[in-house]
Amino acid sequence: MNIPCIDLGKQPLANKFIPKEDLGKNEYKYHLAYEFNPDTYLLSMVHQPDMSDMFNDSYPYDSSGSATMVTHFKDMADNINKNFFGNILEIGSNSGPFICNIDKKKNPVAIEPCSNFAKITRDKGIPTYDKFWNSDTAYEVMSNHGFFDVVYSANCMCHIKDVEEAFFAVRNVLSNDGTLIMEDPSLIDMLKLSSYNELYDEHFTMFSVHALQKLLGKVGLYINKVEYLLNIHGGSNRIYASKTMGGDSSLKNALMIEKYLGVDKVDTYHLFNERIQQHRDIFTNILYEYKDLGKKIISYGATSKATTTFNYCGIDSNIIDYITDTTPAKQGLYSPGMHIPVVSPEEGLDDSIDIIHIGAWNYTKYIMDKEVNYQNKTWLTEVPFPRIIKG
Ligand code: TMP
């Protein structure tokens, strides 16, 4: 039985940035809430918006847009090139920072439903299917390319509503001794960091290793190893699973830590929901106090996470003058729900700013090291709790 436990109120689609001419029009909003199932341990969304409204030919999030992610995917591709044999399939390849670095002898194939990004990898010679991942796509891909020895998927499985079917389809395309390697944001990091803004329309499920172990077990896949990725999306898990039973000490450790933090109990999520309400009050008070003093506040990085925070806290352009973002597809538009203008860093970063809120909080160190000209400003974050980090 699913038990409702986390409520983030009415939210827009986190990546649906709005052109000026559409500001007066009716904007789609849905109720962002999560429920926990004590039998499956799954923490999943109560009402997920339609996937084709989120992932389509105008999807703006480019995983090649940050140096951290580009290096991360290149390192992982090098690792796979060296340590794994056979054909490789990537599910959710975005603009290709992983699959484009895979050795062509491994016959890389990509699945990417956002056709604007699918085109990029296809143009680089990688067979790319602009389709959602499910059993039909698996059948088509397998008919054309045979079985795969590695299926890699980063920040994608948590987007899929019928995830059991998606894993079943993975199992069917894997060779008998093939490996599924998947990366997704870590549930315990969200709990530890109070980073409720990891929750938005695209994150249908926040996986714990507990939940994945049960879910994968249902389709005949077994977790063999868990790696923790400290700097990726605020903390992620990389899971290695295969058709062969038997996990090493990393799996046992991950399960032990999760149990200690109570991921298997609904009370943990009820408490989290209470904690984030206090979090919201403290964060908005800090911003209002600065605004009352006449300070100019901007936000750095028009992230999906910031969409959740700003809509949950009711922070609009009366508080935040604008958001800077390096992604050309977001610049000149307005943030979902709260309609804060998004501008390029070149346009937005200048000496008139007093306070910089870090919307891309998972890149805090990278950003602060980079922005040497703005070290004299006040830098503000809300993760793991609202506070001034500099200034
Ligand atoms: P992400 O947290 O989902 O990776 O999204 C990061 C967003 O923040 C993306 O739109 C790019 C933007 N960004 C900047 O504008 N400047 C930066 O230095 C970094 C790291 C990200």
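Note that ligands are numbered from 1 as they come in the structure, with each ligand's atoms numbered from 1 the same way. On a predicted model such as this, the values are computed, not experimentally measured, just so you know.
- Summary of contacts: the protein heavy atom closest to atom 14 (C) of ligand 1 is T326 OG1, 3.4 Å.
- For ligand 1, the polar-atom distance check finds an N/O of D325 within less than 3.5 Å of one of the ligand's N/O atoms.
- Contacts of T68 with ligand 1, taken as heavy-atom pairs under 4.0 Å, are absent altogether.
- A salt bridge does not link K119 with D57: every distance from a Lys NZ or Arg NE/NH1/NH2 to an Asp or Glu carboxylate oxygen is 4.0 Å or more.
- Residue Y366 has no nitrogen or oxygen atom sitting less than 3.5 Å from a nitrogen or oxygen atom of ligand 1, judged on distance alone.
- Under the 4.0 Å criterion applied to side-chain N and carboxylate O atoms, K82 and D78 are not assigned as salt-bridge partners.
- The environment of K243 atom NZ is dense: over 12 non-hydrogen atoms of other residues, nucleotides or ligands sit within 6.0 angstrom.
- Ionic pairing of E27 and K25 is not present here: no N-O contact between side-chain nitrogen and carboxylate oxygen is shorter than 4.0 angstrom.
- Heavy atoms of M69 come nearer than 4.0 angstrom to ligand 1 in no pair at all.
- Residue Y61 has at least one N or O atom closer than 3.5 Å to an N or O atom of ligand 1.
- Of the N or O atoms in S66, none lie within a sub-3.5 Å distance of an N or O in ligand 1.
- Salt-bridge annotation for D351 and K377: present, with a side-chain N of the basic residue lying under 4.0 Å from a carboxylate O of the acidic one.
- Checking each of W379, F310, Y322 against H357 for a ring-ring contact (aromatic ring centres under 6.0 Å, His included) leaves exactly one that passes, namely F310.
- For atom 16 (N) of ligand 1, the nearest protein heavy atom (residue, atom name, distance) is Y300 CE2, 3.5 Å.
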